[in-house]
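In what follows, a single structure is set out as C-alpha cells and then discussed.
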Protein chains: 2
Amino acid sequence: MKFTLAQILSFIAVAENLHFGKAAEELNMTQPPLSRQIQKLEKSIGVQLFERNNRNVTLTPAGESFLAEAYGLLASVERAPRRAQKIAEGAWGQITIGCTAVSSFGVLGDLLSRMADRLPGVSVEIAEMVTAEEVKALSEGLIDIGLGRPDRVPSIVETTQIHSERLVVAVPAHHEFAGRTSVASSEIANQTLIMHSPTKARYFYDLTVRYIDVGANEIAHSLSQILTIVNLVAAGRGIAIVSESASSLRVDGVSYIPLSDVPDDVVELHAIWNPESRNPALRQVIDLIRNENLSA
Amino acid sequence: MKFTLAQILSFIAVAENLHFGKAAEELNMTQPPLSRQIQKLEKSIGVQLFERNNRNVTLTPAGESFLAEAYGLLASVERAPRRAQKIAEGAWGQITIGCTAVSSFGVLGDLLSRMADRLPGVSVEIAEMVTAEEVKALSEGLIDIGLGRPDRVPSIVETTQIHSERLVVAVPAHHEFAGRTSVASSEIANQTLIMHSPTKARYFYDLTVRYIDVGANEIAHSLSQILTIVNLVAAGRGIAIVSESASSLRVDGVSYIPLSDVPDDVVELHAIWNPESRNPALRQVIDLIRNENLSA
DNA sequence: TTTCCTTACGCCTATCGTAAGCATA
DNA sequence: TATGCTTACGATAGGCGTAAGGAAA
C-alpha cells in the first residue's frame with residue numbers, strides 16, 4: 001500500500017503548522033479529511049509521524065526524517081514538469097554538432113558563443129567528422145546538426161548556408177607570389193600544387209579544378225587534412241588552394257593571397273540537419289542560425 | 001493541476017515497455033485507463049511525453065528528461081518510508097551513498113565496516129551511479145555523499161580524496177605480457193586496446209591517453225562498464241588499461257600487470273558531497289573519512 | 001465550557017473494466 | 001485482416017464536507 005502526493009502535501013502542511021485546523025485551512029479543506037489523510041499515510045508507511053493528543057501536535061523523530069524527505073520529494077515533483085517543459089520548448093536540452101576540422105576555425109566558435117548567449121540552457125557536444133560521415137551520423141541520430149560542405153548531400157536532410165568565404169593561395173615565405181595582394185588564377189601554372197584529396201576532400205578538390213587549370217601544374221600531394229597541407233606549404237613543398245579560414249591557422253612562413261578572379265563566396269559552409277528530428281533544441285538552433293545571419 | 005504517483009508509475013511502465021498493452025499488463029490493469037493516465041499526465045504538465053501513432057510508441061526528448069526525473073521521484077518515494085522506519089527503530093541518522101560500480105570493490109566495503117563500527121546508529125543505503133549522475137543526485141538530495149572520480153566536479157560540491165591506486169594492464173591468459181611482473185607504458189604499442197569511453201568514462205579515458213600512446217595501438221572498443229571491459233579481455237579481444245581494484249573482479253583468464261613507469265597513485269577516488277546539506281549524519285561520515293585515512 | 005482532533009454518514013468525483021472505434025501495416 | 005492506441009459508458013471505490021463524538025485545559 002502506497003501513499004499519495006496529496007498525503008505528502010497534507011503531511012507537510014501539518015508538520016509546518018503543527019495544527020490540523022490551520023493546515024487544513026492552508027490546504028483549502030476541512031480538518032476531518034486531513035486527519036484521515038495523515039492516518040492513512042502513517043498506516044501506509046507503518047510509522048507514527050505525529051505525536052498528538054487533543055491539545056498539541058508534535059513531530060516524532062521519524063516524522064522529522066520523513067519531513068526532510070517530503071521536501072525533497074516535493075522539489076522533485078515541481079522540478080520534473082518544469083524540466084520537461086523547458087526541453088519541449090527547446091530552451092533546455094542537448095545538441096550534438098558534427099563538424100569538420102576546418103569549420104571549427106571561425107564559424108563554430110561564433111555559433112557556440114551565440115548559442116551560449118541566446119540558448120544558455122542548451123548544452124553542446126562536438127564531434128569531429130567529415131561531411132559524408134555527418135550525413136550518416138544525422139540519419140542515425142548520433143548528431144543533431146552538421147557543419148559541412150553542401151556537396152553531395154542527400155535530399156532527406158535540410159541545409160542552410162551558414163557562411164561563405166574566399167579561396168586563397170597559400171604560399172611559403174620566399175615564393176614569387178609572397179607579398180602580392182592578389183593572384184589571378186591563370187597565373188597559377190608551372191607551380192607545384194598540393195591538392196586536396198579528390199576522394200576525402202572532394203568539395204575542395206572540385207573547387208580547385210573548377211578555377212585552376214591543374215593540368216598546367218605539378219601535383220605534389222593529395223591530402224585531406226588542411227593542417228597537413230598548410231604545413232607542407234610552410235616546408236616549401238609547394239603552394240595550395242585553400243579556404244581563407246585556413247589563414248587562422250597562423251602557420252609560420254605561410255602567407256595567404258586572394259585569388260582576384262574567383263568569386264568571394266565560392267567556399268560555402270552549410271548547416272545540415274534531419275528535418276524529422278524530434279529534438280526541440282535543434283529547432284531553436286536552426287532558428288538562431290537563420291535569424292542571426294552567422295555569415296556576417 | 002498536478003499529477004499523481006499512479007501516473008508516474010504508469011509513465012515509467014510505458015516508457016520502459018514502449019508499448020501500452022505490455023505496460024498495462026505489468027501494472028495489472030487494462031490498456032484504456034493506462035492511456036487515459038498518460039493523457040492526463042501529459043495534460044497536467046503541458047508537455048507531450050510520448051510520440052505515438054497506432055503502430056509504435058517512442059519517448060520525446062521531454063519524455064526522456066521526465067523519465068529520469070520520474071526514476072528519481074520513485075527512488076525518493078521508496079526511500080522516505082524506509083528512512084522513517086529506520087529512525088523509528090532507533091537509528092539516529094541515515095546516509096545514502098552514491099557510488100560507481102568500481103568503487104564498490106575495495107573502498108566502499110572498508111568505509112561501510114568503519115561506519116558500522118564508529119557510527120552504529122547511522123543506517124546506510126547505496127545507490128549505483130556514475131560520477132556525473134552523482135553530482136546531479138547530490139544537488140537533488142537523492143544522495144548525501146558520492147564516491148567518484150575528481151574529474152569535472154563543479155565547485156558547488158566539496159570533495160576529499162579517499163583512496164588512490166595504480167593503473168594496471170589487464171591481459172588475457174596467453175598474452176605476451178602474461179606472467180610479467182611489470183610493463184612499461186612504451187611497450188604498449190601495436191596492441192589491440194579496449195578503451196574506456198571518452199564520454200561515459202572520461203576520467204579513465206583521459207588517464208589512459210595521458211600515459212599511453214594510443215595512436216600506436218588499435219582501438220577495439222570503447223566502453224564504460226569495467227566488467228564488460230575485463231570480460232572482453234578474458235575473451236581475448238584485446239588488452240585494457242584499468243584501475244588496480246578491477247583485479248578484485250577475479251575474472252578467469254585475466255591477469256593484471258602494473259605499469260612500471262606510471263605513478264602509483266594516479267587513479268584517485270574522492271568523496272564528494274553538498275556542503276549545504278542539512279543531514280547531521282553527513283558531517284559525522286565526512287569526519288570519519290578524514291580522520292581515519294581510508295586510503296591506508 | 002471551549003478547543004480541536006477523530007469518527008460517522010451522504011454526496012460526488014475519478015478511475016476502473018468492458019465494449020466499440022479507428023488507423024496502420 | 002490483425003494489431004494496438006483511443007473514445008464511450010456504466011459501475012464502483014475513495015475522498016470531501018457536514019455533523020456528531022470525545023478528551024484535555
Side-chain angles (χ1 to χ4, degrees), chain A residues 1-60 62-64 66-67 70 74 77 81 276 278, chain B residues 1-60 62-64 66-67 70 74 77 81:
Chain A
M1 187 188 186
K2 272 273 165 287
F3 55 84
T4 70
L5 285 180
Q7 285 166 5
I8 295 295
L9 291 174
S10 301
F11 169 73
I12 289 177
V14 175
E16 286 179 344
N17 288 282
L18 293 178
H19 188 291
F20 280 72
K22 302 233 178 95
E25 192 179 356
E26 195 174 291
L27 294 166
N28 294 313
M29 65 194 293
T30 56
Q31 297 93 336
L34 178 58
S35 283
R36 289 194 296 261
Q37 292 283 31
I38 300 297
Q39 287 162 17
K40 280 194 153 186
L41 177 60
E42 288 178 324
K43 191 175 176 190
S44 76
I45 69 178
V47 169
Q48 192 173 351
L49 298 171
F50 293 104
E51 199 75 60
R52 49 198 188 276
N53 45 48
N54 293 6
R55 216 56 194 170
N56 59 7
V57 178
T58 57
L59 276 167
T60 63
E64 297 268 8
F66 197 76
L67 179 59
L74 200 58
V77 166
E276 286 173 9
R278 289 270 156 258
Chain B
M1 189 186 184
K2 272 274 164 288
F3 54 84
T4 70
L5 285 179
Q7 285 166 3
I8 295 294
L9 291 174
S10 301
F11 168 74
I12 290 177
V14 175
E16 285 179 345
N17 289 284
L18 292 179
H19 189 291
F20 279 72
K22 303 233 177 90
E25 192 179 356
E26 197 173 289
L27 294 166
N28 294 313
M29 66 196 293
T30 55
Q31 298 92 334
L34 179 57
S35 283
R36 288 192 298 261
Q37 292 281 31
I38 300 296
Q39 287 163 13
K40 281 195 152 188
L41 177 60
E42 287 178 323
K43 194 175 175 191
S44 75
I45 69 178
V47 169
Q48 194 173 352
L49 298 170
F50 293 104
E51 198 78 56
R52 49 197 189 277
N53 45 46
N54 294 4
R55 217 56 194 173
N56 60 7
V57 177
T58 57
L59 276 167
T60 62
E64 301 261 9
F66 197 78
L67 179 59
L74 202 58
V77 165

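Labels below follow one simple rule: chain letters A, B, ... track the order of the sequence lines, proteins then strands, and each chain is numbered from 1.
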> Are A:Phe3 and A:Phe11 an aromatic pair by the rule of ring centers under 6.0 Å?
Replying inline: no
> Under 4.0 Å between a side-chain N/O of A:Lys22 and OP1 or OP2 of C:dC4, yes or no?
Replying inline: no
>> With a 4.0 Å cutoff (strictly under), does any side-chain N or O of B:Gln39 reach OP1 or OP2 of D:dC5?
In response: no
Gap between atoms [atom1] and [atom2], on [X] and [N] respectively (whole Å):
X: B:Ile38; N: D:dG4; atom1: CD1; atom2: P; answer: 17 Å
X: A:Leu9; N: D:dC16; atom1: CG; atom2: P; answer: 12 Å
X: A:His19; N: C:dT6; atom1: NE2; atom2: P; answer: 12 Å
X: A:Leu18; N: C:dC4; atom1: CG; atom2: C1'; answer: 14 Å
X: A:Glu25; N: D:dG17; atom1: CD; atom2: P; answer: 13 Å
X: A:Asn53; N: D:dA23; atom1: CG; atom2: P; answer: 13 Å
X: A:Leu27; N: D:dG15; atom1: CG; atom2: P; answer: 15 Å
X: A:Lys40; N: D:dG14; atom1: NZ; atom2: C1'; answer: 6 Å

>> Quick test of your reading of the model: are B:Arg52 and B:Glu42 salt-bridged, counting only N-O distances below 4.0 Å?
In response: yes
>> Between A:Glu16 (side chain only) and A:Ala13 (backbone N and O only), is there a donor and an acceptor less than 3.5 Å apart?
In response: no
>> If you take any heavy atom closer than 4.0 Å to DNA chain D, which residues from residues 30-37 of chain A end up in contact?
In response: A:Thr30, A:Pro32, A:Pro33, A:Arg36, A:Gln37
>> Check this for me: A:Glu51, atom CD, are more than 12 non-hydrogen atoms of other residues, nucleotides or ligands nearer than 6.0 Å?
In response: no
Calculate, to the nearest 0.5 Å, the distance between atoms [atom1] and [atom2] belonging to [X] and [Y] respectively.
X: A:Leu41; Y: A:Lys2; atom1: CG; atom2: NZ; result: 11.0 Å
X: B:Glu64; Y: A:Arg278; atom1: CD; atom2: CZ; result: 13.5 Å
X: A:Ile38; Y: A:Leu34; atom1: CD1; atom2: CG; result: 5.5 Å

> When the nearest nucleotide of DNA chain D is assigned to B:Phe20 and to A:Met29 on a heavy-atom basis, which residue is associated with the more 5' position?
Replying inline: B:Phe20
